[in-house]
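The structure appears below as structure tokens.
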Amino acid sequence: MAVLTSLLELQDLDLASDGLVERRRTLPERAALLELEAAAGPLAEAHAKLCTERSTLERGERDLEHEVEALVARTKEVETTLYSGTVRASKELANLQLEIESFRHRQADVEGRELALLEEIEQVEGEIAGNLAAQERRARDIERCTRALLAAERSIDTELAELAAARASKREALPAAIVSAYEKLRGRATRLAGRVVARLESGGCSGCHLRLPVLDHHRMQAEPADALLTCAHCGRILVRDAERSG
């Protein structure tokens, strides 16, 4: 096997790692979790609005309750005067009776509005209960999805660790200068999508599938087995077959 054949194997390990990293980034569990978390926000906002609405309604109901209490007290005062015997004039008695009826009409109106508010409060409380139940379901879904995501990540991380160990072993078998050039090219030539090493086959590059100039090809064949050769067209590092090197 040619000296630099290990570079192709190193590239295979790196490409496999790249694929795993991308798979980890695009795990369906991650997308599902993001969707669940995004949906949790509006639920929390809706809960806050419902609680604010309930507080407003409860304040209004308390105000009406106090108004009813005041009307009842005022009615009782007028009734006490009416039946105390201190007022004898028929006109004044009639006026007191009218005042009592007015208070009672107002009381009935206020009590009607208070009842309507109580019904609204009950409705809002039902909506709050439904919202809380939905939030609890969403929280359970998020917890379940989080566990699934962590499990999927751990599985991929295990594979990545195995590839890293194999890569380290393969890297040690290669000349440091070749490894350095390979890693720089991988980091710089994004257009090559990580495939920066190719075979020199039939006078051409297996990466870009273009033939090399004849003189360049002959020169490359005469280079030492560990020489750094690059394609004049795409810039990939070229690896020769063992029988054609040296």
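Quick caveat, the model's predicted, so the values are computed rather than measured. If you read the sequence from its start, that first residue is 1, and numbering goes on from there.
Between L4 and I178, the closest side-chain pair of non-hydrogen atoms falls below 4.5 Å. Looking at heavy atoms from C-beta onward, E122 lies out of side-chain contact with L118 at the 4.5 angstrom threshold. Between C208 and R236 the shortest side-chain heavy-atom distance falls below 4.5 Å. By the 4.5 Å heavy-atom criterion applied to side chains, R23 and L20 are counted as neighbours. By the 4.5 Å heavy-atom criterion applied to side chains, L185 and T230 are not counted as neighbours.
Applying the side chain to side chain contact (heavy atoms under 4.5 Å, CB included) rule to V179 yields the partners R171, L174, E183; only residues at least two apart in sequence or on another chain are considered.
Under the 4.0 Å criterion applied to side-chain N and carboxylate O atoms, R147 and E143 are assigned as salt-bridge partners. A salt bridge between R195 and D18 is absent, with no side-chain N of the basic residue lying under 4.0 Å from a carboxylate O of the acidic one. Using a 4.0 Å cut-off between charged nitrogen and carboxylate oxygen, E53 and K49 do not count as a salt-bridge pair.
Paired with V239 under the rule side-chain contact (heavy atoms from CB on, under 4.5 Å), one option of L229, V197, L200 passes, and it is V197.
For Q123 and E119, the side-chain atoms include no donor-acceptor pair closer than 3.5 Å.
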Check against side-chain hydrogen bond (donor to acceptor under 3.5 Å, both in side chains), Q135 and N131: CA-CA 6 Å; Q135 288 195 72; N131 177 279; 2.7 Å; yes

May I have the step-by-step check of salt bridge (charged side-chain N to carboxylate O under 4.0 Å, His left out) for R144 and D141, ending in yes or no? CA-CA 5 Å; R144 182 171 58 252; D141 290 341; 2.4 Å; yes

One pair to check against side-chain contact (heavy atoms from CB on, under 4.5 Å): V68 and E65. What are the steps and the verdict? CA-CA 5 Å; V68 168; E65 184 180 6; 5.7 Å; no

Verdict with supporting geometry, R113 and D109, salt bridge (charged side-chain N to carboxylate O under 4.0 Å, His left out): CA-CA 6 Å; R113 286 187 285 145; D109 175 67; 3.4 Å; yes

Show your working on salt bridge (charged side-chain N to carboxylate O under 4.0 Å, His left out) between K76 and E79 and close with a plain yes or no. CA-CA 5 Å; K76 190 172 182 179; E79 285 179 336; over 6 Å; no

List the steps and the verdict of side-chain hydrogen bond (donor to acceptor under 3.5 Å, both in side chains) for Q221 and H217. CA-CA 6 Å; Q221 295 291 26; H217 182 235; 3.2 Å; yes

Carefully, step by step, assess C205 and L210 under the rule side-chain contact (heavy atoms from CB on, under 4.5 Å). CA-CA 6 Å; C205 170; L210 296 176; 5.8 Å; no

Trace of the side-chain contact (heavy atoms from CB on, under 4.5 Å) decision for E61 with L115: CA-CA 8 Å; E61 190 274 329; L115 180 60; over 6 Å; no

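Closest non-hydrogen pair, L96 versus V78, comes out as O-CG1, 3.6 Å.
The local environment of CD in E35 is sparse, with at most 12 non-hydrogen atoms from other residues, nucleotides or ligands closer than 6.0 Å.
The cluster map of Ile, Leu, Val, Met, Phe, Trp and Tyr, joined by side-chain heavy atoms under 4.5 Å apart, puts L160 and L10 in different clusters.
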